[in-house]
**Q** 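The structure's right below; bear with me while I get my questions together.
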Amino acid sequence: MSRTATYTALVLRCRQSGESNNEVTLLTSEEGILKATVFGGSKSKLRAHCAPYNSGQVWIYRDKIKDYAKLSDFDVHSWRAGLRELYERTMSASAIAETILSSHGGGGDWQAALKIAMETLDALENANEELCGRLLVHFMWRWAHLLGIQPDINENNINCEVHSEYGLVLSPGSRKWLCVVGNLEPAQLHRYSMDNKSFGEVKSLAATILTEALGKRLASWNW
């Protein structure tokens with residue numbers, strides 16, 4: 001028995017499979033993480049469409065008996081070519097994809113997960129070097145909220161240095177940034193600067209929270 005289904009999807013990873021095929025890993029709003037085979041040589045239009053971070057509508061043909069899935073068509077809505085034009089953009093995008101994969105697509109709320117991922121990648125596409133780092137940390141903080149593990153940062157104590165439950169010190173600058181911009185859309189993040197000390201503290205906190213949830217620290221967070 002076989003069927004074809006349509007998904008709203010973001011390409012997280014595309015790897016060679018065999019001599020002339022690729023295996024693509026997608027985040028979909030309907031079923032979370034999916035994998036499918038993309039057939040064709042290096043000049044295949046479909047393979048070109050399946051570059052990492054492209055998003056749109058995909059059609060996947062499945063044979064449940066043979067446990068087989070083939071990506072048969074891809075209507076790309078966002079190409080995000082700018083992510084490959086700057087090292088910092090590429091590294092941030094890669095860290096985002098790896099975070100999503102390591103947390104199995106966000107734990108069930110796939111529509112929200114896809115929205116967070118695509119909003120951040122859209123903002124990254126034209127970001128400068130400094131903003132790329134803040135966008136990654138902002139994504140990690142929002143991802144912790146999606147997973148239900150984001151700690152409460154009390155704005156009333158913004159003028160006090162306090163130890164969080166993770167054993168880290170948050171300065172007033174760190175706390176203010178988290179309270180003010182922590183849940184803003186990524187496109188608005190360029191309006192809010194952050195000093196290096198605060199950036200380091202926020203990044204350490206976000207990485208520590210996600211490390212505890214994933215059971216490992218991702219090397220891609222450390223660029």
Side-chain angles (χ1 to χ4, degrees), residues 10 27 53 80 82-83 85-103 106-107 109 111-214 216-223:
L10 167 70
L27 173 63
Y53 320 125
R80 301 188 177 92
L83 295 177
E85 295 175 355
L86 188 69
Y87 173 80
E88 288 79 7
R89 296 176 193 165
T90 302
M91 294 301 293
S92 292
S94 177
I96 288 168
E98 189 175 358
T99 303
I100 295 169
L101 288 168
S102 297
S103 54
D109 192 349
Q111 189 171 2
L114 187 61
K115 182 176 184 290
I116 292 171
M118 292 201 297
E119 286 177 348
T120 306
L121 292 173
D122 286 341
L124 264 176
E125 189 175 9
N126 297 299
N128 60 27
E129 297 177 8
E130 189 270 339
L131 182 56
C132 287
R134 280 190 282 134
L135 281 166
L136 173 58
V137 172
H138 185 257
F139 167 82
M140 293 166 66
W141 185 247
R142 292 182 76 195
W143 200 253
H145 182 267
L146 179 72
L147 297 178
I149 56 173
Q150 187 189 92
D152 180 31
I153 303 298
N154 188 350
E155 191 171 5
N156 293 328
N157 293 330
I158 206 165
N159 295 316
C160 303
E161 286 196 350
V162 298
H163 287 272
S164 76
E165 60 187 286
Y166 296 94
L168 299 173
V169 175
L170 294 181
S171 65
S174 304
R175 297 175 64 80
K176 182 176 181 179
W177 192 86
L178 289 173
C179 291
V180 173
V181 310
N183 291 308
L184 288 180
E185 293 184 0
Q188 300 175 295
L189 204 62
H190 68 279
R191 303 174 185 173
Y192 299 89
S193 61
M194 183 164 47
D195 61 85
N196 290 336
K197 181 176 184 292
S198 297
F199 174 78
E201 291 172 356
V202 172
K203 186 174 183 178
S204 293
L205 176 60
T208 300
I209 294 168
L210 291 177
T211 296
E212 184 171 290
L214 303 180
K216 61 180 178 180
R217 185 183 180 92
L218 302 184
S220 57
W221 296 334
N222 299 328
W223 63 266

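Remember, it's a predicted structure, so these values are computed and weren't measured experimentally.
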**Q** Ignoring hydrogens, what is the shortest heavy-atom contact between Ala207 and Trp221? Give both atom names and the distance.
**A**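 The pair with the smallest heavy-atom distance is O-CZ3, 3.6 Å.
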**Q** Restricting to side chain to side chain donor-acceptor pair (under 3.5 Å), what partner residues turn up for Ser174, sequence neighbours left out?
**A**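 For Ser174 the side chain to side chain donor-acceptor pair (under 3.5 Å) partners, ignoring immediate neighbours, are Ser171, Glu201.
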**Q** Examine distances only and state if a side-chain atom of Glu125 and a backbone atom of Gly82 form a donor-acceptor pair shorter than 3.5 Å.
**A** yes
**Q** Please enumerate all residues that pass side chain to side chain contact (heavy atoms under 4.5 Å, CB included) together with Asn126, with sequence neighbours excluded.
**A** none
**Q** Please report the interatomic distance CG(Leu147) to OG1(Thr99), rounded to the nearest 0.5 Å.
**A**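 These two atoms lie 10.0 Å from each other.
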**Q** Among pairs that include at least one residue of residues 126-146, which meet ring-ring contact (aromatic ring centres under 6.0 Å, His included), considering only residues two or more places apart or in two chains?
**A**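 Counting only pairs at least two positions apart or across chains, the ring-ring contact (aromatic ring centres under 6.0 Å, His included) contacts touching residues 126-146 are Phe139-Trp143.
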**Q** Taking only distance into account, with no hydrogens and no angle test, what donor-acceptor pairs under 3.5 Å do side-chain atoms of residues 115-124 form with protein atoms, sequence neighbours excluded?
**A**
residue : atom : partner : partner atom : Å
Lys115  : NZ   : Glu119  : OE2          : 2.6
Glu119  : OE1  : Arg142  : NH1          : 3.2
Glu119  : OE1  : Arg142  : NH2          : 3.2
Thr120  : OG1  : Ile116  : O            : 2.9
Asp122  : OD1  : Arg80   : NE           : 2.8
Asp122  : OD1  : Arg80   : NH2          : 3.0

**Q** Would you compute the distance between atom CG of Leu210 and atom CG of Leu205 and round it to the nearest 0.5 angstrom?
**A**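 Here the interatomic distance stands at 9.5 Å.
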**Q** With rounding to the nearest 0.5 Å, note down the distance linking CG in Leu170 to CH2 in Trp177.
**A**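 Separation between the atoms: 12.0 Å.
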**Q** For Ser204, enumerate each residue passing the side chain to side chain contact (heavy atoms under 4.5 Å, CB included) test, keeping only those at least two apart in sequence or located in another chain.
**A** Leu168
**Q** So which heavy atom on Val202 is nearest to which on Val137, and how close?
**A** CG1-CG1, 3.3 Å
**Q** Checking Ala112 now: which residues fulfil side chain to side chain contact (heavy atoms under 4.5 Å, CB included) with it, not counting sequence neighbours?
**A**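 Ala112: side chain to side chain contact (heavy atoms under 4.5 Å, CB included) contacts with Asp109, Leu146.
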**Q** Compare every heavy atom of Ile209 with every heavy atom of Pro151, then report the nearest pair and how far apart it is.
**A**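 Shortest heavy-atom contact: CD-CD1, 3.2 Å.
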**Q** Restricting to side chain to side chain donor-acceptor pair (under 3.5 Å), what partner residues turn up for Ser94, sequence neighbours left out?
**A** none
**Q** At their closest point, which heavy atom of Thr208 faces which heavy atom of Arg217, and how far apart are they?
**A** N-NH1, 4.5 Å
**Q** Using a 3.5 Å cut-off and no angle test, enumerate the donor-acceptor pairs between side-chain atoms of residues 127-136 and protein atoms at least two apart in sequence or in another chain.
**A**
residue : atom : partner : partner atom : Å
Asn128  : OD1  : Glu130  : N            : 3.3
Asn128  : OD1  : Leu131  : N            : 2.8
Glu130  : OE1  : Arg134  : NE           : 3.3
Glu130  : OE1  : Arg134  : NH2          : 2.7
Glu130  : OE2  : Arg134  : NE           : 2.7
Arg134  : NH1  : Leu189  : O            : 3.1
Arg134  : NH1  : Tyr192  : O            : 2.5

**Q** What residues form a side chain to side chain donor-acceptor pair (under 3.5 Å) with Glu98, not counting sequence neighbours?
**A** Ser220
**Q** Taking side chain to side chain contact (heavy atoms under 4.5 Å, CB included) as the test, write out the residues that go with Gln188, two or more places apart.
**A**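 Only Leu184, Glu185, Arg191 meet the side chain to side chain contact (heavy atoms under 4.5 Å, CB included) criterion with Gln188.
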